[in-house]
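As C-alpha cells, the structure follows; a few thoughts come after it.
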Amino acid sequence: MAAERSVKQITSKGDDFDRWYVDVVRRAELADYTPVKGCMVIRPYGYALWERTRDALDGMIKRTGHENMYFPLLIPESYLTKEAQHVEGFAPEVFWVTQGGDRVLEERLAIRPTSETIICSLYADWIHSWRDLPVLINQWCNVARWEKRTRLFLRTAEFLWQEGHTFHATDDEAAAEVETMLDCYRELSEEWLAIPVIKGRKTESEKFAGARYTLSIEAMMSDGWALQSGTSHHLGQNFTTAYGISYSDRENTRQHPFQTSWGLSTRIIGGLIMAHGDDAGLVIPPRVAPIQVVVVPITHSNDEDAARLVEEACIRLEREAATEVRLRVDRREGMRPGEKFAHWELRGVPLRITVGAKDLADGNVTLVRRVDGEQSAVALEGLGSRLQGLLDEAQKVTRARAQRLLDERSVDVGSLEELVAAFAEQPVFASGPFCNRPECEVTVKGAVHAVTVRNLRADRTPDGAPCIACGQPAGHVALIARAY
RNA sequence: CGGGAAGUAGCUCAGCCAGGUUAGAGUGCACGGUUCGGGACCGUGAGGUCGGGAGUUCGAAUCUCCCCUUCCCGACCA
C-alpha cells in the first residue's frame with residue numbers, strides 16, 4: 001500500500017532527488033523562495049520544526065555549562081581582518097555595508113559571516129586573569145554569506161544557527177570542549193533527529209578558516225550523499241594572539257588563552273528532510289515533530305448519531321493526550337479523509353489516528369505510523385496515555401531505518417580501484433586507510449566524480465594498512481563521499 | 001562565477017517555430033448540492049500588467065536586445 005501512496009504535487013524521489021527535495025520543502029510549507037536573491041522564508045511549520053530542534057540543542061548547550069548572549073550583526077572591517085587565514089577564507093562571501101542613511105561610512109561594516117572576530121575584539125577587554133577562564137558562551141543568531149548557489153535550508157545567503165565560543169587556559173581543556181560539543185551535535189542528530197552520524201576530523205583543506213583543526217559529524221542522506229551536519233573547531237591561540245587576548249596565569253605570566261568555536265545551522269533541517277523523507281513527503285521523528293499525532297475524524301453528514309460518537313472520541317483523545325503529546329484533531333469541513341491523510345503524510349506527522357463509526361462500534365480506532373505505514377486497530381480506551389510510548393517506538397523505527405540505510409551503503413575500500421568500484425552503482429560512504437597528505441587528498445578526489453574526504457573517522461584506525469592513494473602507512477581511516 | 005534549461009492563473013503546463021477577435025486546460029480556490037474508511041462527483045463563480053524594461057510592427061505571450069529570478073551540472077561553501 002505504501003508504495004502506491006504517491007502524492008500529486010511532488011516529484012518522485014527516485015526520478016529526481018533534487019526536485020523531490022524542493023517539492024517537499026515547498027509543498028509541506030516549510031520554506032520558500034523570496035524576492036531577495038539567495039534568501040529563503042521559513043514558514044510557520046518549518047520554523048516550528050527548527051524551534052524544536054533549537055530548543056533541544058539549547059538544552060544541551062546549557063547543560064554543558066554555556067550561557068547565551070548576543071553580539072552585533074555588523075562587524076567593522078578592521079576587526080574582521082586581523083586573523084589572516086580567517087579573512088582569506090571568508091572574504092569572498094562577506095556582505096558589506098558601505099552606507100548609513102545617505103552618508104557613506106568611513107569604515108565598511110561586514111554583515112557577520114560568523115562572529116569570532118567581534119567576539120575576540122570584545123573579550124580582549126574582558127579577559128585579564130586565569131580567574132576569568134574558562135569563558136563558555138553561545139549565541140543564536142542569523143549570519144550572512146554570499147553563496148553562489150541557493151538550496152533551501154542547505155545553502156542560503158542568510159541562515160539561522162548557533163555559534164558557541166569558548167576560551168580556556170589550557171590546550172587540553174579546549175580540545176576536550178571541542179569533543180564535548182561535537183558530541184552534543186551527535187546527540188541532537190541521533191537521539192532527536194534520528195539521523196546516525198559519523199564523527200571525525202576535517203582534512204587541512206576542509207577545516208574552518210583560521211582553525212587549528214575542525215571536527216565534524218557527517219550524516220547520510222537517503223540518496224547516499226553526505227551532509228556535514230555540525231562542526232566544532234579548535235582555534236588554538238590563532239585568534240587570541242591576533243586579537244591580543246591575554247591573561248595573567250597563576251605565576252603572573254602573560255598567556256594567550258586557547259579558543260574553540262562550534263556551530264550548527266538550519267541546514268540540519270534540510271538533513272532531516274533528506275534523511276527520512278519519502279515519496280509521500282516528510283517523515284519527522286516524533287521528538288522534534290511540531291505535531292506528533294493527527295486525528296482524522298470520519299464523519300457522515302447523513303448520520304448524526306455516528307458523527308456525535310466520533311466527535312466524543314476525538315474530544316476524549318484531545319483531553320487525555322493534551323499534557324504530554326502534541327496532538328491535533330483535523331476537523332476541517334468539506335475535505336475527504338483521503339485528502340487529509342495525504343495532507344498530513346506530506347507534513348510528516350509521525351502518527352495518525354483515524355476515528356470512524358465502524359471501528360468505534362468495537363471500541364477501536366485505526367492507528368497508522370508514518371515512517372513505515374504500519375497500520376493497526378487499537379482500543380480507544382486508554383489510548384491517550386499510551387501515545388507517548390507509541391511515539392517513542394516510532395522514533396526508534398525512524399532511527400533504525402536511517403541506520404540501516406547507512407549500514408547498507410557503507411563500504412570499506414583498500415585501494416583506489418576499490419574506491420572507484422564502490423561508487424560504480426550508486427553514491428556510498430566509502431572508508432579507507434588514508435595518510436592525510438594534501439597530495440593524496442587530491443588523488444582521492446580525482447578518482448571518483450565529485451567525491452571528497454568528508455572526515456578522518458574518529459571511530460576507526462587503519463591498523464597498519466597502506467594509504468589507498470600512495471601506499472605509504474596510513475594514520476587514519478578517511479570517510480569518502482559525495483557531499484551537499 | 002562558467003556551462004545548460006526555464007519563467008504564461010495559487011500550482012503543473014499548453015499556446016510561441018510560421019505575430020492578428022475578449023490568452024486556454026488540468027488542478028487548486030469560493031459558494032451550493034450529492035458524498036465521506038485513501039486526493040469522489042455535479043453545478044456556478046472568482047482568479048492573468050503572459051518575469052521586468054526597451055525596441056521592431058498597423059498590431060507582440062509570440063520577433064530582437066538588455067536585465068532579473070529559478071532549476072540542473074561544475075567551482076565555492078554550514
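Chain A is the first sequence line, chain B the second, and so forth, proteins listed ahead of strands; every chain is numbered from 1. Note that this is a predicted model, so its numbers are computed, not measured.
With hydrogens and angles ignored, a donor-acceptor pair under 3.5 angstrom links the side chain of A/Glu345 to the base of B/G38. For A/Arg336 against B/G37, no side-chain N or O and base N or O form a donor-acceptor pair under 3.5 Å. Scanning atom types as modelled, one donor and one acceptor separated by under 3.5 angstrom connect the side chain of A/Arg155 and the base of B/C77.
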Protein N or O to nucleotides 69-73 of chain B N or O, pairs below 3.5 Å:
from: B/U70; atom 1: O3'; to: A/Tyr33; atom 2: OH; distance (Å): 3.3
from: B/C71; atom 1: OP1; to: A/Tyr33; atom 2: OH; distance (Å): 2.0
from: B/C73; atom 1: OP1; to: A/Asp18; atom 2: OD2; distance (Å): 3.2
from: B/C73; atom 1: OP2; to: A/Arg149; atom 2: NH2; distance (Å): 2.5

All N/O donor-acceptor pairs, side-chain side in residues 48-57 of chain A, below 3.5 Å, sequence neighbours left out:
from: A/Thr53; atom 1: OG1; to: A/Leu49; atom 2: O; distance (Å): 2.9

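Atom-to-atom, NE2 of A/His343 to C1' of B/G39 comes out at 12 Å; the value is rounded to the nearest Å. Regarding A/Met335, its CE atom lies at a distance of 13 Å from the P atom of B/C31, rounded to whole Å. When rounded to the nearest whole Å, the span between NZ of A/Lys340 and P of B/G37 equals 11 Å.
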Fill in: Residue pair A/Arg145, A/Glu147: steps toward the salt bridge (charged side-chain N to carboxylate O under 4.0 Å, His left out) verdict
CA-CA 6 Å; A/Arg145 298 180 186 178; A/Glu147 294 289 353; 5.5 Å; no
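With a 3.5 Å ceiling on both atom-pair distances, B/C16 lacks any Watson-Crick or G-U wobble partner. Across all strands shown, nothing is found opposite B/C76 as a Watson-Crick or G-U wobble partner with both distances under 3.5 Å.
Under the stacking definition used here (centres under 5.5 Å, planes under 30°), the residue A/Phe341 fails to qualify as stacked on the base of B/G39.
Here A/Glu93 pairs with nothing under the side-chain hydrogen bond (donor to acceptor under 3.5 Å, both in side chains) rule; sequence neighbours left out. Residues passing the side chain to side chain contact (heavy atoms under 4.5 Å, CB included) test with A/Gln426, sequence neighbours excluded: A/Arg409, A/Val428. Annotation: salt bridge (Lys or Arg N to Asp or Glu O under 4.0 Å) contacts of A/Glu339 (sequence neighbours excluded): none.
Annotation: B/U56 and B/U64 have their P atoms spaced 15 Å apart (nearest Å).
For residues 192-208 of chain A, the side-chain hydrogen bond (donor to acceptor under 3.5 Å, both in side chains) pairs, not counting sequence neighbours, are A/Asp183-A/Lys199, A/Lys202-A/Glu218, A/Lys202-A/Gln228, A/Thr203-A/Ser205, A/Thr203-A/Glu441, A/Glu204-A/Lys207, A/Ser205-A/Glu441.
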